[in-house]
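Scroll down for the structure; my scribbles are underneath it.
In this chain, numbering begins with 1 at the start of the sequence shown. Keep in mind that what you see is a predicted model, and the values were worked out from it rather than measured. Counting convention: from 1, in listed order, for ligands and their atoms alike.
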Amino acid sequence: MAKVKVFRCRICGDPYIGVEPPARCPFCGALAEYFVLAEDWNPNEFNMELSDIARQDLEAALKLELDNTAFYSCALNVAKEGGDEYGFAKFKALMKVEREHASAISKFLKIDKPPLETVPCSDDFKTNTQEGWEREDRAIKAYAKFRDEVPEGRLKEFFGALVEIETDHLDLHAENLG
Ligand SMILES: [Fe+2]
Ligand SMILES: [Fe+2]
């Protein structure tokens, strides 16, 4: 049997035990290329001086992530109450990933993750999937802009990874709408 190792995701910082890095981080959704062996982890990965523009962009990203976390939280509860197991699983997974993004951004900002506000949603799976698609589309556009404008290479990488992850989510919603 192949031996397992400890890896860490450079986008969310979470550890993972496996034979190889996963194709997608189970916590934040980042691609396998962002994993390093735990022995090679840089303890200052989230500890950096932030330019004004980086701070602004991280604060805007945090708002988006918290809002999307709260939206998916509503959607998963509605699905659960309606006995829709697929909708529950999908929206719960999305909620957890967006919550992880909010945590990672809070680490860069050196703040505690702010509490969630209540965000309304529909009681219909397709309507929530359509709204999810629109939310992911907005996030992708914002993060592509942030990636291109921040001077810090590490944050270009971080926002670039978020663009990839939210594009996975967009494609998933599109699949369910088709
Ligand atoms: Fe991750
Ligand atoms: Fe996100």
Between Asn128 and Tyr72: side-chain donor-acceptor atoms closer than 3.5 Å: no

Residues which pass salt bridge (Lys or Arg N to Asp or Glu O under 4.0 Å) with Asp171, listed by chain and number, not counting sequence neighbours: none

Steps toward side chain to side chain donor-acceptor pair (under 3.5 Å) verdict (His173, Gln130): CA-CA 7 Å; His173 289 314; Gln130 179 62 40; over 6 Å; no

Polar contact flag, side-chain donor to acceptor under 3.5 angstrom, Lys126-Asn176: no

Salt bridge flag under 4.0 Å for residues Arg10 and Glu157: yes

The Fe ion (ligand 2) reached by His169 (N, O or S, under 2.8 Å): no

Common cluster, Met95/Val78, ILVMFWY with side-chain heavy-atom separation under 4.5 Å: no

N, O or S atom within Glu166 nearest to the Fe ion (ligand 2), by name: OE2

Any donor-acceptor N or O pair under 3.5 Å, side chains Thr69, Lys96: no

Residue His101 atom name (nearest to the Fe ion (ligand 2); N/O/S): ND1

Sub-2.5 Å SG contact, Cys74 and Cys121: yes

Protein N/O/S neighbour count - the Fe ion (ligand 1), strictly under 2.8 Å: 4

The Fe ion (ligand 2) - closest N/O/S atom in Glu98: OE1

